[in-house]
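Numbering starts at 1 and runs along the sequence shown.
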Amino acid sequence: MHTDREHCVRAVQSKDARFDGWFFTAVLTTRIYCRPSCPVVPPKPENMTFYASAAACQQAGFRACKRCRPDTSPGSPEWSGRADLVARAMRLIADGVVDREGVPGLAARLGYSTRQVERHLRAELGAGPLALARAQRAQTARVLIETTRLPLADVAFAAGFSSVRSFNDTVREVFALSPTELRARLPRHDHTAPATPGTLRLRLPFRAPLHPDNLFGHLAATAVPGVEEWRDGAYRRTLRLPYGHGIVALAPAPDHVDCRLTLGDLRDLTVAISRCRRLLDLDADPVAVDDQLRTDPLLAPLVDKAPGRRVPRTVDEAEFAVRAVLGQQVSTAAARTHAARLVTAHGDPVDDPAGGLTHLFPEPAALAAVDPGTLAMPGTRRATLTGLVGRLADGSLHLGVESDWAEARATLLALPGFGPWTVDVIAMRALGDPDAFLPTDLGVRAAARRLGLPATPAALTARAAAWRPWRAYAVQHLWATDSHPINFLPA
C-alpha cells in the first residue's frame, strides 16, 4: 500500500480514515508522521513520504503527530488476513514475544533464523523486529501514562523497557514530549478513570463500520459460566496471560470499543490489548470485505442490511480448540454445560469483585491429566478430546498466532474425530483465517436454502469461490439469517 504513492496522496488529501493503519504519512518539512485521516491541512504532495509502519517512521527520524496520534491507529489488516512469515511475525510482536523472549525467541517460534526474519521485516515494513517492538512499547507507555497514576518508573518497566533512561529517551523521541510532560497535558480531574483500583480504561479503535450484534451476541450466547459473562452491557471474561491473569470487560460504542482491563501484572497490558483486538476482529478492513461480498446478488442485501460484520474470534487458541470439540453435534447450551464442568473441576480460580467470573479456562496440561472415564460425554468425543489435549500438552500440536494455517489444518485433520467442520471452525475463529468456510454447517446450509443459494456442500463451495478471500465473513451473514441468540446483542 505505502508504495502506491498516488493512492496514498489521494487518501491523505481526502482524510480517508479507512486507510488508518494501512500506511503512515511522514512530512519532510516538519519531521512529523501522521495517520491518513489527520485533521490538519494536508501537506503538499512533494513534502509527503510514506511508510508501512510507525516504527519505520521513527527510525527515519520522524515524531508522532500530537493531533491525530498515529500510534493509536487500528492495526493493519494485512497481519490478520495473511499467514506468511511477515504476518505471523507481526502477530507475535503484537503479542509481546520480542519483549519476553527477544528476537531469537521470535525466530525460533517462526522456524526461521534471526537473519531471515530481520530481512523479511525490513523488506516489507522498513524496520526490524527490535524497532517494531520499541514502537509498541512506546504506545503501551503512553497508555499507562495517560490512563493510570502509576509512578513513571513503574510505567517504564510495565511497558517493557529495560531501564528508566531508555523509557525517557524513547518517549521523548517518539512523542516530542517527556513522560512528565505527557502526563501534565491530561485534565486535572479525569472523570473517565474507572472506580475499581488496578483497572485501566481504554478505547479500542476500529475501522468503520462495525456491526456489533453478531459479534457480541455470539460471545455472550456461547459464554462458558465462570470464564465469561454478559454484565451491564459488556462482555466480560478472564484472561490467562504471560505474567499472570486478568479480567476484561468489552462494550461496543459508536466509534470505539470500551475496554476495562484488570491485570495482575501490568507487564501484560500489551498482550491483553492485542488479544482483545483479535477476539473482536478489530483490525479487519470491513469496506474491502463488504465490497467483495456484494458482488454476489444474493448476498448483497444481507451486507447492505448489516455492513461491517466481524468474525468473533478467541483470546486463547488452545481453549477454543477444546471448546470446538465439546460443541461437536450438540446444542450451544450443551456445549456450555460440558465446558463449565471442566472449568469448575480443573480451572484455576480467580477473584472477581466486580462480577461473577470465577476461573481461568483449564490449560491443556491440566486437561490431559483428567481421567477420561470422568468425562460425561460419548466415548468417541471423549477420545477426540483426550487426543487433542494430549497433543497440545506435549507440544506436538501448537495453535497460536504464529501458526501456519495450512500446516495446522493438516495436523488437526490427522487427529481422530476431527472432520472438516471442526477444523474449519478452529481455522476461522482460533487461527483467524478470513477465508475459512463451513459448507457442511447446518445453519449455513439452511440459510443457503432460504436465500436460493446451492444447499449441497459441493455446490455451495463452488458458488463461494467468488467470495474469496472473505468466506468466513460470508458465514457470519448466513448465520445471521436465523433467529438464534448468537445473532443478537444481549439486552
Side-chain angles (χ1 to χ4, degrees), residues 214 218-228 311-347 361-364 366-368 370-393 396-399 403 405 408-433 436-448 456-457 460-461 471-472 475-476 478-479 482 484-487:
N214 74 299
H218 203 122
L219 296 172
T222 61
V224 176
V227 175
E228 304 166 286
V311 178
R313 295 201 166 121
T314 184
V315 295
D316 188 318
E317 294 80 7
E319 172 192 317
F320 185 83
V322 170
R323 292 172 61 172
V325 170
L326 296 176
Q328 288 178 334
Q329 299 178 340
V330 298
S331 67
T332 300
R336 294 179 67 208
T337 299
H338 288 312
R341 289 172 182 160
L342 290 179
V343 165
T344 302
H346 308 289
F361 197 87
E363 292 187 284
L367 294 176
V370 175
D371 178 5
T374 62
L375 300 175
M377 60 184 69
T380 53
R381 196 170 311 126
R382 188 184 306 158
T384 301
L385 180 63
T386 54
L388 170 67
V389 296
R391 294 289 297 274
L392 289 170
S396 58
L397 169 63
H398 180 73
L399 301 175
S403 295
W405 296 340
R409 284 172 180 272
T411 304
L412 288 169
L413 275 173
L415 295 178
F418 276 78
W421 182 91
T422 306
V423 171
D424 278 317
V425 80
I426 292 172
M428 179 172 67
R429 295 197 52 202
L431 301 180
D433 183 354
F437 192 49
L438 306 173
T440 61
D441 182 83
L442 295 179
V444 169
R445 295 179 66 184
T456 63
L460 185 57
T461 300
R471 293 184 300 177
V475 169
Q476 307 307 311
L478 293 173
W479 275 341
D482 189 35
H484 194 285
I486 65 170
N487 297 315

> Report the distance from atom CZ of Arg336 to atom CZ of Arg323, rounding to the nearest 0.5 Å.
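With rounding to 0.5 Å, CZ (Arg336) is 9.0 Å from CZ (Arg323).
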> For Pro312 and Gln476, which heavy atoms make the closest approach, and how far apart are they?
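Heavy atoms of Pro312 and Gln476 come nearest at CD-OE1, 3.5 Å.
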> State which residue, out of Asn214, Asn487, Asp441, fulfils the side chain to side chain donor-acceptor pair (under 3.5 Å) condition with Trp479.
Asp441
> For the residue pair Pro364 and Leu392, what are the closest heavy atoms and their distance?
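Reported closest heavy-atom pair: CB-CB, 3.7 Å.
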> Hey, is the main chain of His218 close enough, under 3.5 Å, to the side chain of Thr222 for a donor-acceptor pair?
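At least one qualifying donor-acceptor pair exists.
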> Nearest 0.5 Å, what's the CG-OG distance between Leu415 and Ser396?
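Here the rounded value is 8.0 Å.
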> Please list, chain by chain and in numerical order, all residues satisfying side-chain contact (heavy atoms from CB on, under 4.5 Å) with Ala334, sequence neighbours excluded.
Val330, Ser331
> When you compare the side chain of Val475 with that of Arg471, does any pair of heavy atoms fall below 4.5 Å?
no
> By the definition side chain to side chain contact (heavy atoms under 4.5 Å, CB included), identify the one residue from Val389, Leu385, Ile426 that meets it with Val325.
Leu385
> Measuring from atom CD of Gln328 to atom OG1 of Thr380, what distance do you get when rounded to the nearest 0.5 angstrom?
8.0 Å
> Minimum heavy-atom separation for Pro439 to Arg445, with atom names?
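Nearest heavy atoms, Pro439 then Arg445: O-CG, 3.2 Å.
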> Tell me the closest heavy-atom pair linking Val311 and Met428, and the distance in Å.
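Scanning both residues completely, I find the closest heavy atoms to be CG1-CG, 3.8 Å.
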> Quick check: closest heavy atoms across Pro225 and Ala340, and the distance to 0.1 Å?
CD-CB, 4.0 Å
> Taking C-beta and beyond as the side chain, do Leu412 and Leu397 meet within less than 4.5 Å on heavy atoms?
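A side-chain contact exists here, since the closest heavy-atom pair is under 4.5 Å.
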> Report the distance from atom CZ of Phe437 to atom CG of Asp424, rounding to the nearest 0.5 Å.
9.5 Å
> Determine, stepwise, if the pair Thr314 / Arg429 fulfils side chain to side chain donor-acceptor pair (under 3.5 Å).
CA-CA 6 Å; Thr314 184; Arg429 295 197 52 202; over 6 Å; no
> Shortest non-hydrogen contact from Ala339 to Phe361?
CB-CE1, 4.5 Å
> CG/Leu399 to CD/Glu319 distance, rounded to the nearest 0.5 angstrom?
12.5 Å
> Are side-chain heavy atoms of Leu326 and Leu342 found at a separation under 4.5 Å?
yes
> I need the Leu438 CG to Leu478 CG distance, nearest 0.5 Å.
10.0 Å
